[in-house]
Amino acid sequence: MITIPYLTALTTYFSYGLLFAFGQLRDFFRRIIDWWNSSNLQGYAPICLGLEDFYIRRLYLRIQDCFGRPIASAPDAWFDLVERYSNDHNKTLKRTEKLSRCLNLGSYNYLGFAAADEYCTPRAIEALKRFSSSTCSPRVDGGTTTLHSELDDCVAKFVGKPAALVFGMGYVTNSAIIPVLIGKGGLIISDSLNHSSLVNGARGSGATIIVFQHNTPSHLEKVLREHIAEGQPRTHRPWKKIIVVVEGIYSMEGELCKLPEIVAICKKYKAYLYLDEAHSIGAVGKTGRGVCELLGVDTADVDIMMGTFTKSFGSCGGYIAGSKLTMNTSKSILLQELIQYLKYTCPAHLYGTAISPPAAQQILSAIQVLLGEDGSIRGAQKLARIRENSNFFRSELQKMGFEVLGDNDSPVMPIMLYNPSKIPAFSRECLKQNVAVVVVGFPATPLLLSRARICISASHTTEDLVRALEVISKVGDLVGIKYFPAEPKKEEQEDRTVKLD
Amino acid sequence: MVALFLGSHALYNFDQRKRKPTPTHLAFVYSPLQNFQLELFLSPVFVIAYFSPVHRGLYNQRCYSSVTLFEDSVLHVNVEGADTEALYVCTPGKVPIMESVTDVLQAAIDWASLAFEAPFARADVFGVHIGGHLFVEGLLFVVIFYLLSQKSYKPPKRPLTDKEIDELCDEWTPEPLIPVLPEEMQCEPPQLESAAGPHTIISGKEVVNLASANYLGLLGHKKLLDSCTSSLEKYGVGSCGPRGFYGTIDVHLDCEARIAKFLGTPDSILYSYGLSTNFSAIPAFSKKGDIIVVDEGVHWGIQNGLHLSRSTIVYFKHNDMASLQRILEKITVEKKRAKEIRRYIVIEAVYQNSGQIAPLDEIIILKEKYRFRLLMDESNSFGVLGHSGRGLTEYYGVPIEKIDIVTAAMGHSLAAEGGFCTGSARVIDHQRLSSSGYVFSASLPPYLASAAISAIDVLEENPNLITKLKENVALLWAGLSGLHGLKIVSNPHSPIVFLKLKDSTGSLKSDLQLLEDIADQLLREHNVFVVVSKRSTLDKCPLPVGIRLFVSAGHSQADLEKVCESLNSVVPSVLNNRR
């Protein structure tokens, strides 16, 4: 749990209150001017009603320049940021031709496959030449090339499940599969900080949705017991099935899922487990196989494994991997295969264009590199590097007195900012020193818990990280976000002991 | 009075129940030996007693150094100035009424009898004389207040014990995650061994491909491949981030500007997947309480968007303008607040599920009459309809500003992937923070954005591609006009030629099987690759099943003649075998 200093909470509320009051004042004058100019809606209702876009107009636009910064190169360890300017107080931003070279601490390029790679890129180009840029057809029609079938098998083998299916987009994977698995009369128990795609999928399914406290197995158990005993609302019939939905690494918290405990609880209460490994697959574990490998969980215990290729693999799309179950009934042995079932029912598979062949080839090659099948040890090096980099960076940040969330080994590390004014300040000051960071505020996080998020990559060198730490430390002093006392430096400690002697 | 009442009441409780006085009790204890009154001020009620003038005097006469309570009704009182300690036993009924109290009581009785006697306190009810009716009514009020102040009766709640919950959890058996697979779900689609162009290779044989929506034949176009290659070398494959967090690459912005320029709109926004375009854009504009009138034949992406928006959804009959007008009229009349809520009509330009074309001119008239906004999906008409490929608006000669929101997938005629939405600047800017598929998903791989830019360039340079496509569709129509057993139900201008069984076999399953047999035989014996329309269990669209032929500008005349010939020979033979 995050505990906010009392004074900080107060000032944060005050800042938001001030912003809100000013926004209201501006809206008031806006309304007068609009009334003066007479409405031009001609009988249509406005696209945004009332306060729906208040946040965007009055809060977001002020700090628009911290988000959506265009780049003009691959999102590698360093990238070329396109400079922008505004003539109307940040309302619109215009691109310039000027580029600035910045250290990238924002992209999900965990393994460094984002940039052109000596092994992957030539193969992706080869795939482009052979299979072209698209299939113009869903997988079930004319969209399954030999490359796609090979990818399905390769992914299944990599994540350690009997079968897998690849989709063209990670978001769609989640939001189209959950409705296939569960419907009315089912119960989805979802972590309170799950990604929007999971929330959308759950909503689309029509099942009852209950939220449990973020990453708290004890609360999950409590919720499960309560709802199994209670049954469906009103009718009190038993639930048809229960699916517990969790993520491997929470992208806004940098926390690892408490998977062993959650698996045990799901087993005990016969609930199915849906694990979204969007950020963890490829990034953690000894051979990059995600949280299951890192935390020592048998993949057979996770019923549905989902992940994306956008992050570690530097491609696009998502996958779903599932078990084969054989049921012995009195008459015959029935085969239950999740993936085969999805191939005939999942709308993303039936209607969505198949994943683009070069992207598919990129995933294949990246997995080959990770497994050392390319004949080098680059994969193992990358995996070791990301771990070392993450743990080094995290411990250094903590030593400096920043409030850093998340667990060791996780390449995502949020630094708490709290006050809304510190969001643009931190981002702009870092950018001045050519370090590009991601800052996040409401509504992606709770109102009080604005943060900056650092994503570490295997392509960062030690010099890069040291430089980044220097800049962040300096900016941290300037902005005032070192909420904990800094650990005294080693040399000082030694000096002191000498004096005492 | 009050104190006395409470006091005796408390004393009564004190003695009757044989228990120690609780803090709410106040007892008057009278000692026959020493003749002083003892007040046990153990409660807030004491305040009333203390301030009542009758007892104040009595109280002030003595002071007690300590009062100790023994079991039950025995009090141990230590009086200051007295030599001995005394034990007092409380007994009811032996409390003599003090003089002052008697006075007060006497006055009260006098007052009461006076009140009873008073003329205004007499009443006749149905001839019966009632004396002191005010008193009776007052009493009634007291009773009513008393009853009202009581808590209503509730059965006691008995929550389940842990053991009971354990048992319930043990007893509960979930359904299997997925149902048992029926046999027809075990076959696999054919695998392509080369690009999905007009001709492709399946199991080593070159076949004519009518399964890919590669309408303009741009798949494998040299210009596209070149731009993709240079983009792959420069940017890598993926963008590794959502648009907000360094996932915006300059080609994305160029692509957005290129699309807007091509269509003549102020701005456009890119999505990373065709399917996600609609189910993100619709919930961004329509919320709970808003109304969406939608054609019942729309594809799943739109259906899902409608569901996620939680708006009120009204379906009109597929491509039936009379039905649309009826519904619009009904909504406008019935909903008094219709002017204040957002109202949308959602249509597809060319329906993916049926190959029909929406009559845009009529829809525009209706939309303007009833003041609905129009959202149109141009996935299968962008680059296809109109003399320069600008879609349905060009086809009908309607200015694009009349359509509020235009969406399209880029995985069809543009031979890339992803989707876009275009419209006024307000519409686009709103999506940049409110559209979940845009905000929360990694952006389109940059090489696909380059592909889309090049595709539009190629399209603009070669308008003859569209003419070629039109000719090809006409060729297929002419060749299939005499087809036995199947009829064409799509629009003659649509690039999707939809063949439906003339006589259904009676069940959807056997219809599908029959069509699958036709498709199978076409692929095996005639090297023609066609697909049967598939439907997900989640799809609510009620349209019939059939064979969908995706015509491409890349098909040669010989290809299409071969397709017609094969269909003309295979369909009757399969249908006859069945009978």
Side-chain angles (χ1 to χ4, degrees), chain A residues 43-45 56 67-68 70-72 74-75 106-109 114-116 124-125 128 131-137 140-142 144-146 149 168-169 171-172 179 196 204 225 228-229 238 240-241 269-270 272 310 314-316 334 338 340-341 344-345 347 350-353 356 359 362 438, chain B residues 160 165 168-169 172 174-175 177-178 180-181 185 189 191-193 195-196 211-214 219-220 228-229 232-233 235-238 240-241 243-246 248-250 253 272-276 300 307 340-342 371 411 415-417 433 436-437 440-442 445 451 531 534 536-538:
Chain A
Y44 294 98
I56 299 173
F67 306 96
I71 59 173
S107 294
Y108 307 131
N109 174 25
I125 291 172
L128 173 76
F131 292 105
S132 188
S133 53
S134 172
T135 60
C136 295
S137 184
V140 281
D141 293 348
T144 304
T145 64
T146 42
S149 309
M169 182 189 183
Y171 191 98
V172 168
S196 149
R225 284 172 68 86
I228 293 176
K240 285 184 177 158
K241 50 189 144 185
Y269 293 97
K270 291 165 280 189
Y272 301 108
T310 346
S315 180
C316 67
L334 297 169
L338 176 72
Q340 194 64 25
Y341 180 71
Y344 282 85
T345 48
L350 292 169
Y351 307 131
T353 322
S356 169
Q362 163 83 13
V438 164
Chain B
L160 294 170
I165 295 180
L168 281 167
C169 289
W172 181 67
E175 279 181 9
L177 189 57
I178 46 158
V180 174
L181 287 180
M185 283 197 181
Q191 266 185 35
L192 277 63
E193 285 153 27
S212 295
N214 169 28
L219 206 76
C228 283
T229 310
L232 278 172
E233 278 161 358
Y235 302 108
V237 177
C240 282
R243 286 291 292 268
F245 304 147
Y246 306 106
T248 305
I249 304 203
D250 50 1
L253 301 174
S272 43
Y273 202 49
L275 208 58
S276 71
W300 181 80
H307 182 83
E340 293 157 39
I341 51 179
R342 287 165 288 196
R371 301 277 190 241
E417 233 163 73
L433 264 193
S436 58
F440 295 107
S441 166
V531 283
K534 310 257 186 343
S536 159
T537 43
L538 297 181

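Keep in mind that what you see is a predicted model, and the values were worked out from it rather than measured. Letters go in sequence order (proteins before strands), and every chain restarts at 1.
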At a 4.5 Å cut-off on heavy atoms, which part of V237(B) comes close to chain A: side chain, backbone, both, or neither? both

Validation row: I125(A), E233(B) side chains within 4.5 angstrom (heavy atoms): yes

Is there side-chain contact between S107(A) and Y246(B), with at least one heavy-atom pair below 4.5 Å? yes

Is chain B contacted by the side chain of L350(A), its backbone, both, or neither, given a heavy-atom distance below 4.5 Å? side chain

What residue, out of Y235(B), Y273(B), W300(B), has the most heavy-atom pairs lying under 4.5 Å from chain A? Y273(B)

A213(B), part contacting chain A, at a heavy-atom distance under 4.5 Å: both

State whether a side-chain donor-acceptor pair under 3.5 Å links E417(B) with S356(A). no

Leading residue by heavy atom contact count with chain A [cutoff under 4.5 Å; candidates C228(B), G411(B), S536(B)]: S536(B)

For K270(A) and C169(B) the tightest heavy-atom approach is NZ-O, 3.2 Å

Quick check on Y272(A) against chain B: is it the side chain, the backbone, both or neither that has a heavy atom closer than 4.5 Å? side chain

From the options S276(B), S441(B), S436(B), S272(B), select the one residue that forms a side-chain hydrogen bond (donor to acceptor under 3.5 Å, both in side chains) with Y171(A). S436(B)

Most chain A-contacting option - heavy-atom pairs closer than 4.5 Å, from A196(B), G220(B), G244(B), G241(B): G244(B)

Is A114(A) close to chain B through its backbone or its side chain, or both, or neither, when contacts mean heavy atoms under 4.5 Å? both

Residue part contacting chain A, namely of L219(B), when any heavy atom lies under 4.5 Å: both

